[in-house]
Amino acid sequence: MQALAELNLAAAAQHTRLVSHSLNVERLSEKDREEVLRYLSERPLQTFGLAGFVRDNGLVSPHNRGTFYACRDQQGRLEGVALIGHFIVFEARSEAAIAAFARTAQQCSDAFLLIGEQADVETFWRYYSPAGQDARLYGRELLFALGWPVAVREAVPGLRLATMADLDVIVPAHAECTYIESGINPLDTDAEGFRARCARRIEMGKTWVWTEGNRLIFKVDVVSDTPDVIYLEGVWVNPEERGKGYGSRCISQLGRDFLQRTGSICILVNEKFIAAQMLYRKASFKFIGYYDTIFLKQKTH
């Protein structure tokens, strides 16, 4: 029975290889923007990351820290969209398209993070791992989404958009968030680039803070902002102020404001962070599904 199962699995893999070779993977350009956004809008809760990159930076930009690719069938129809570079993020509607993106990603030797829906990442990894980068750290994330109604909590009058005057307190807080997730402190590996990326988010009006004097109490970043979904990351509460409900108050307040102009708000939370999950549930977020993250080792040349 085991031999038969292995034979069936091998046959299925061979079929996928044959089908995927009938697909074409090509680099995208700015002329493809509207087609890509229409494709991504078919599943807005699952494609917030890709849509955010396209809307903020376009399809060709150094700010994407990678290259956008399309996977098309023989009639030229989109079967998938992927960003491959520092991040590997993809949306694909078939195993063959995922396999095609995995082979393309094998040519990238400096990817940092693979992220996606649990089943899709597992499929991608089967095709990618034989010749791709090794895994350094694996994690599982829970996707939470917020829609109406939103719990009404005590207002936070000091919650506001960050300015460049806040940069010096935002950088170490966001670095802490990155270190907790990835095990790497970006201030040790790319301090100048990390600070520049934090500054750009402030300049784009994507970072919200609550400060008292020069002391940061709370911060969060809006990574993706579309009519369908606003995606948040980098939620940070001052360690001296944790356990006081400040995080849920700030998130609830932003939720009420943001839902005036978007369909839902979502956030990913590591399955190990029980306190953070409780914070979002308290703020009326609902569990949607599981995502996998694989932090990658860079290949040696």
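These numbers come from a predicted model, not from an experiment.
Residues Leu45 and Leu232 do not share a hydrophobic cluster, defined by chaining ILVMFWY side chains whose heavy atoms lie under 4.5 Å apart. Under the 4.5 Å side-chain heavy-atom criterion for grouping Ile, Leu, Val, Met, Phe, Trp and Tyr, Leu37 is connected to Val89 within one hydrophobic cluster. Following chains of ILVMFWY side-chain contacts shorter than 4.5 Å, one cannot reach Val81 starting from Leu23, and the two form parts of different hydrophobic clusters. Residue Leu40 is not grouped with residue Ile230 when hydrophobic side chains (ILVMFWY) are merged at heavy-atom distances under 4.5 angstrom, including chains of intermediate members. Clustering ILVMFWY residues whenever any of their side-chain heavy atoms sit less than 4.5 angstrom apart, transitively, puts Phe218 in the very cluster that holds Leu279.
A donor-acceptor pair under 3.5 Å links the side-chain atoms of Arg242 to the main chain of Val237, judged by distance alone. When atom types are taken as modelled, the side chain of Thr47 and the backbone of Leu50 share no donor-acceptor pair closer than 3.5 angstrom. Although no hydrogens or angles enter the test, the distance criterion places a donor-acceptor pair under 3.5 Å between the side chain of Gln106 and the main chain of Tyr128. In terms of modelled atom types and a separation under 3.5 Å, the side chain of Arg249 and the main chain of Arg153 share no donor-acceptor contact. Counting only distance, with no hydrogens or angles, the side chain of Asn64 and the backbone of Gly58 share a donor-acceptor pair below 3.5 Å. A donor-acceptor pair under 3.5 Å links the side-chain atoms of Glu30 to the main chain of Leu59, judged by distance alone.
With sequence neighbours left out, the salt bridge (charged side-chain N to carboxylate O under 4.0 Å, His left out) criterion links Arg200 to no other residue. Every residue meeting the ring-ring contact (aromatic ring centres under 6.0 Å, His included) condition with Tyr290, not counting sequence neighbours, appears here in chain and number order: Phe287. With sequence neighbours left out, Tyr246 forms a ring-ring contact (aromatic ring centres under 6.0 Å, His included) with Trp210. Looking at residues two or more places apart in sequence or on another chain, you find no salt bridge (charged side-chain N to carboxylate O under 4.0 Å, His left out) involving Arg55. The side chain to side chain contact (heavy atoms under 4.5 Å, CB included) search around Gln74 returns Ser22, not counting sequence neighbours. With sequence neighbours excluded, no residue forms a salt bridge (charged side-chain N to carboxylate O under 4.0 Å, His left out) with Arg27. Taking Phe112 as the reference, His86, Phe295 meet the ring-ring contact (aromatic ring centres under 6.0 Å, His included) condition, with sequence neighbours excluded. Taking Phe285 as the reference, Tyr280 meet the ring-ring contact (aromatic ring centres under 6.0 Å, His included) condition, with sequence neighbours excluded.
The closest side-chain heavy-atom distance from Phe258 to Leu146 is not below 4.5 Å. In this structure, Lys206 and Asp56 have side chains that are in contact, with non-hydrogen atoms separated by less than 4.5 Å. Inter-residue side-chain proximity for Asn270 and Ile180 is flagged as unmet; no heavy-atom pair is nearer than 4.5 Å. Contact check for Leu113 versus Ser182: no side-chain heavy atoms found under the 4.5 Å cut-off. For the pair Glu212/Glu241, no side-chain contact is recorded, criterion being any heavy-atom separation below 4.5 Å from C-beta on. Annotation: side chain of Phe144 is in contact with side chain of Leu142 (closest heavy-atom distance under 4.5 Å). Using a 4.5 Å heavy-atom cutoff, the side chains of Val54 and Arg33 are in contact. Side-chain atoms of Val229 and Ile265, non-hydrogen and from C-beta on, never get closer than 4.5 Å to each other.
Residues Asp228 and Pro44 come closest through the heavy atom pair CB-CB, 3.4 Å. Nearest heavy-atom pair across Val121 and Ile115 is CG2-C, 3.9 Å. Residues Asn185 and Ala175 share a closest heavy-atom pair of OD1-CB, 3.9 Å. In terms of heavy atoms, Leu28 sits closest to Ala70 at CD2-CB, 3.5 Å. Nearest heavy-atom pair, Ala97 versus Glu79, reported as atom, atom and distance to 0.1 Å: CB-O, 3.8 Å. Taking all atoms of both residues into account, the shortest heavy-atom contact from Ala51 to Thr226 is CB-CG2, 4.1 Å.
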Report task. Start with the C-alpha gap between Ile184 and Arg136, add the side-chain angles, then the distance that decides, and say whether side chain to side chain contact (heavy atoms under 4.5 Å, CB included) holds. Result -> CA-CA 11 Å; Ile184 291 178; Arg136 177 177 60 81; 3.5 Å; yes
Report task. Could you please spell out the steps behind the side chain to side chain contact (heavy atoms under 4.5 Å, CB included) verdict for Arg140 and Asp292? Result -> CA-CA 5 Å; Arg140 178 149 293 165; Asp292 278 356; 2.8 Å; yes
Report task. Could you please spell out the steps behind the side chain to side chain donor-acceptor pair (under 3.5 Å) verdict for Thr211 and Arg160? Result -> CA-CA 9 Å; Thr211 60; Arg160 59 176 173 81; 3.0 Å; yes
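The structure places CZ of Phe124 at 14.5 Å from CD of Glu117, a figure rounded to the nearest 0.5 Å. Atom-to-atom distance recorded for Leu254:CG and Leu159:CG is 4.5 Å, nearest 0.5 angstrom. For the atom pair Glu233 CD and Ser224 OG, the distance stands at 10.5 Å (nearest 0.5 Å). For the atom pair Phe101 CZ and Ile84 CD1, the distance stands at 6.5 Å (nearest 0.5 Å). In this structure, the separation between OG1 on Thr293 and CG on Leu268 is 9.0 Å, given to the nearest 0.5 Å. Taken to the nearest 0.5 Å, the CZ atom of Arg72 stands 4.5 Å off from the CD atom of Glu26.
At a threshold of 4.0 Å, the pair Lys219-Asp166 does not count as salt-bridged, since none of the basic side-chain nitrogens sits closer than that to a carboxylate oxygen. Using a cut-off of 4.0 Å between Lys/Arg side-chain N and Asp/Glu carboxylate O, Arg197 and Asp221 are scored as not salt-bridged. Between Asp168 and Arg195 there is a salt bridge, with a side-chain nitrogen of the basic residue lying less than 4.0 Å from a carboxylate oxygen of the acidic one.
The stretch residues 253-268 participates, sequence neighbours left out, in these side chain to side chain donor-acceptor pair (under 3.5 Å) pairs: Asp225-Arg261. Screening residues 39-77 for ring pair (Phe, Tyr, Trp, His ring centres under 6.0 Å) gives Phe48-Tyr231 as the qualifying pairs, with residues at least two apart or on separate chains.
For Asn214, the CG atom is loosely surrounded, since the number of other residues' heavy atoms within 6.0 Å does not exceed 12. In the displayed structure, Glu42 atom CD is contacted under 6.0 Å by more than 12 heavy atoms of other residues, nucleotides or ligands.
Hydrophobic cluster membership of Leu167, counting Ile, Leu, Val, Met, Phe, Trp and Tyr whose side-chain heavy atoms lie under 4.5 Å apart directly or via other members: Met164, Val169, Ile170, Val171, Leu187, Phe194, Ile202, Val209, Leu216, Trp236. Other members of the cluster containing Ile274 are Met278, with ILVMFWY side chains joined at under 4.5 Å, either directly or via other members.
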